[in-house]
Peer 1: 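Okay, here's the structure, questions in a sec.
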Amino acid sequence: MFEKFKTKWNINSHWQLTMIFIVFSVTGSAAMVVRKFVFEWIGITSETSLWIKVPLYILILIPAYQILLIVVGTIFGQYRFFYEFQKKSIGRFYRKTKKEKNINIQELTMNNSGNNNETAVLLLNLGTPDEPTVKAVRRYLFQFFNDKRVIDLPWLFRKILVNFIIVPFRAPKSAKLYQQLWTKEGSPLLINSVELKNKLQEKLGDKASVFLAMRYQNPSIRATLNAIRKEGYSKIIVLPLFPHYASSTTSSAIETVWDEIRDWNVVPSVHVINQFYNHPLFLDAFTHRISSYNLEDYDFILFSYHGLPTRHTDKIHPKISTTGCNCHEVMPAHGKFCYRATCYETTRLLAERLGLSKGSYSTSFQSRLSNYWLTPFTDATLKELPLKGIKRVLVVAPAFVADCLETIVEIDYEYKELFIANGGQKLTMVESLNADDRWVDAVKEIVSPYI
Ligand SMILES: C=CC1=C(C)c2cc3[nH]c(cc4nc(cc5[nH]c(cc1n2)c(C)c5CCC(=O)O)C(CCC(=O)O)=C4C)c(C)c3C=C
Ligand SMILES: [Fe+2]
């Protein structure tokens, strides 16, 4: 029975389990004392009607128990366990999780190499809703926007803004987009990532075992790392599948991995790869993909990257404002981890490989949620191009290594419509790298030095 609790709560020692049981029993008794004290204070006696007593009982006991659990847990050195425990219970209370479905997704992405090796390669991507319903999309957006690296505002302000304004208004709108995107097999982001993981496993053979997790929703980082921990790997190579470093994507994923691993009894060697926008094989894979389209058929190539609030990039180089920086012309020394600078550098490197002439391509940023995001905006650029006589555009999105909502619906549907409505004739979106063989080889090369 003890083993069952240890597995369920993801703990290693009998000592911690004992502490947890003690906290539960002390809290239970303490909550009764609080209840008795409050009842006496507000004058509830044995004669008071049950219709008053029962609701009051629930109203007082539940919050008292929740608070005391954290207080007593902290006293017994178990703050983190009870903090996570409460978070999970409250989450369960508000949104019943689709347990069976999630388990299937989880199983789909678990390692099945049968390898008996020392190294686990953990591929991380952003994540997608479990299904294209308003409820599932709400759950996804709730987790996404409550990330302090995505909405980098003070806690209370973020909670109010996200939970009362952004998520309720955005969820129904986003769910419609996801319904447009969904295939028989599910969300393209997940399907493409699973295929990449399987092909990488084939290429790596018994050198390493490959796992996949998503920053938001499923397969979750926690469950995937639990599987890695149980199999006892001595080394983990973490590769967030974001070519360009950004706090809201790369660091958010890395931080979540560390939050899990730091409590393990045995912390394995961990190597984190935090960007690869200039890795020659990544660039070769994209160059090859772009070259598979007949470039003669197009007047212009637009390199469209996911946008970011300029506040995020300003934090990377506080002395130079994003808008005042000349990284669109040359890579500055302070630009190594600046998302805008590395995106522009990617365009230059790809243009060089493709032999594109100046004036035949440009860089823009899509998916903005406000006007204070990186410019030029992709939609504004696409509206302007026909005015300059550019009617046939090939759009490449090098910030995404797998096709997803932002490429399939936003570029290939919404932007295409916008371009045509503004006088354009043809817009083609370059398929992302997905599970392309050259890309699988590139990932193998990216992780290999650390295996
Ligand atoms: C403040 C909000 C957001 C930031 C910052 C942000 C950065 C960012 N995102 C990606 C990659 C993807 N984003 C995707 C979807 C998506 N992104 C945001 C918001 C921010 N992204 C939202 C709300 C959504 C959900 C859809 C919607 O409601 O519009 C996806 C697609 C996921 C899918 O299911 O297909 C990807 C991939 C990057 C690379 C990035 C910063 C560099
Ligand atoms: Fe995004």
Side-chain angles (χ1 to χ4, degrees), residues 105 123-134 136-153 158 161-162 165-183 185-194 196 214-218 240-253 274-277 304-316 337-343 346 365-374 378 397-414 432-434:
I105 294 174
L123 303 177
L124 298 171
N125 211 328
L126 188 97
T128 193
D130 286 340
E131 46 186 24
T133 59
V134 177
V137 171
R138 196 183 296 125
R139 208 159 58 219
Y140 167 69
L141 293 179
F142 182 84
Q143 197 185 4
F144 198 151
F145 285 118
N146 273 298
D147 183 339
K148 62 182 186 309
R149 287 181 182 270
V150 173
I151 304 287
D152 54 337
L153 297 172
R158 182 174 68 247
L161 187 70
V162 168
I165 301 168
I166 302 182
V167 174
F169 284 100
R170 195 166 181 90
K173 220 173 97 192
S174 290
K176 283 206 183 100
L177 300 176
Y178 275 106
Q179 277 150 23
Q180 222 174 313
L181 170 82
W182 224 254
T183 71
E185 289 81 26
S187 177
L189 182 74
L190 180 65
I191 299 161
N192 290 324
S193 307
V194 171
L196 170 71
M214 295 294 187
R215 168 63 185 91
Y216 308 114
Q217 299 300 290
N218 294 293
L241 292 168
F242 308 111
H244 312 85
Y245 173 85
S247 167
S248 54
T249 49
T250 322
S251 292
S252 171
N274 59 6
Q275 61 180 352
F276 52 84
Y277 72 92
S304 174
Y305 298 82
H306 195 295
L308 268 192
T310 46
R311 204 181 50 255
H312 290 201
T313 43
D314 284 343
K315 281 185 190 169
I316 301 278
F337 290 107
C338 171
Y339 181 78
R340 182 178 188 256
T342 55
C343 288
T346 308
F365 297 91
Q366 63 181 89
S367 325
R368 75 189 137 116
L369 296 187
S370 89
N371 283 337
Y372 304 101
W373 280 44
L374 295 177
T378 300
F400 305 98
V401 295
D403 277 313
C404 58
L405 189 77
E406 317 298 80
T407 58
I408 298 168
V409 176
E410 192 173 10
I411 298 177
D412 208 19
Y413 182 77
E414 292 177 345
S432 194
L433 298 176
N434 297 325

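Along the sequence shown, residues are numbered consecutively beginning with 1. Heavy-atom basis, side chains included; hydrogens, waters and symmetry copies ignored. Every number for a ligand or one of its atoms is a count from 1 in the order of the listing.
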Peer 1: What about R170: any of its N or O atoms under 3.5 Å from an N or O on ligand 1?
Peer 2: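 Yes, since at least one N or O of R170 sits under 3.5 Å from an N or O of ligand 1.
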Peer 1: Give the total of protein N/O/S atoms at a distance below 2.8 Å from the Fe ion (ligand 2).
Peer 2: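 Atoms of protein N, O or S type lying less than 2.8 Å from the Fe ion (ligand 2) total 1.
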Peer 1: Give me the atom names and distance for the closest heavy-atom approach of L241 to V401.
Peer 2: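 L241 and V401 have their closest heavy atoms at O-CG2, 3.5 Å.
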Peer 1: When you measure from atom 22 (C) of ligand 1 to every protein heavy atom, which one gives the shortest distance, and what is it?
Peer 2: F144 CE1, 3.6 Å
Peer 1: Around atom 26 (C) of ligand 1, find the nearest protein heavy atom and jot down its residue, atom name and distance.
Peer 2: L405 CD2, 3.4 Å
Peer 1: If a pair satisfies salt bridge (Lys or Arg N to Asp or Glu O under 4.0 Å) and one of its residues is in residues 397-410, list it, with sequence neighbours excluded.
Peer 2: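 Matches after skipping sequence neighbours: none remain.
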Peer 1: With under 30° as parallel and over 60° as perpendicular, where do the rings of Y140 and Y216 fit, or are they tilted in between?
Peer 2: perpendicular
Peer 1: Classify the contact between T249 and ligand 1 as side chain, backbone, both or neither, using a heavy-atom distance cut-off of under 4.0 Å.
Peer 2: side chain
Peer 1: Around F337, counting heavy atoms of other residues, nucleotides and ligands shown, do more than 12 lie under 6.0 Å from its CZ?
Peer 2: yes
Peer 1: Could you identify the single nearest non-hydrogen protein atom to atom 9 (N) of ligand 1 and state the distance to 0.1 Å?
Peer 2: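 Answer for atom 9 (N) of ligand 1: H306 NE2, 3.1 Å.
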Peer 1: Mind checking whether W373 contacts ligand 1 via backbone (N, CA, C, O), side chain (CB onward), both or neither, at a 4.0 Å heavy-atom cut-off?
Peer 2: side chain
Peer 1: Assign the ring pair Y277 / H244 to parallel, tilted or perpendicular, where the plane angle (0 to 90°) is split at 30° and 60°.
Peer 2: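 Because their plane-to-plane angle is under 30°, the rings of Y277 and H244 count as parallel.
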Peer 1: Indicate the atoms forming the closest heavy-atom contact of F242 with L126, along with that distance.
Peer 2: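 The pair with the smallest heavy-atom distance is CZ-N, 3.7 Å.
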Peer 1: Of L189, I151, L141, L308, which has the heavy atom at the shortest distance from atom 5 (C) of ligand 1?
Peer 2: L308
Peer 1: Between L177 and ligand 1, find which residue part has any heavy-atom pair under 4.0 Å and reply side chain, backbone, both or neither.
Peer 2: neither
Peer 1: Take atom NZ in K315; do more than 12 heavy atoms of anything else shown fall under 6.0 Å from it?
Peer 2: yes
Peer 1: Using a 4.0 Å heavy-atom threshold (strictly under), name the region of Y305 that reaches ligand 1: side chain, backbone, both or neither.
Peer 2: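 No part of Y305 is near ligand 1 at this cut-off.
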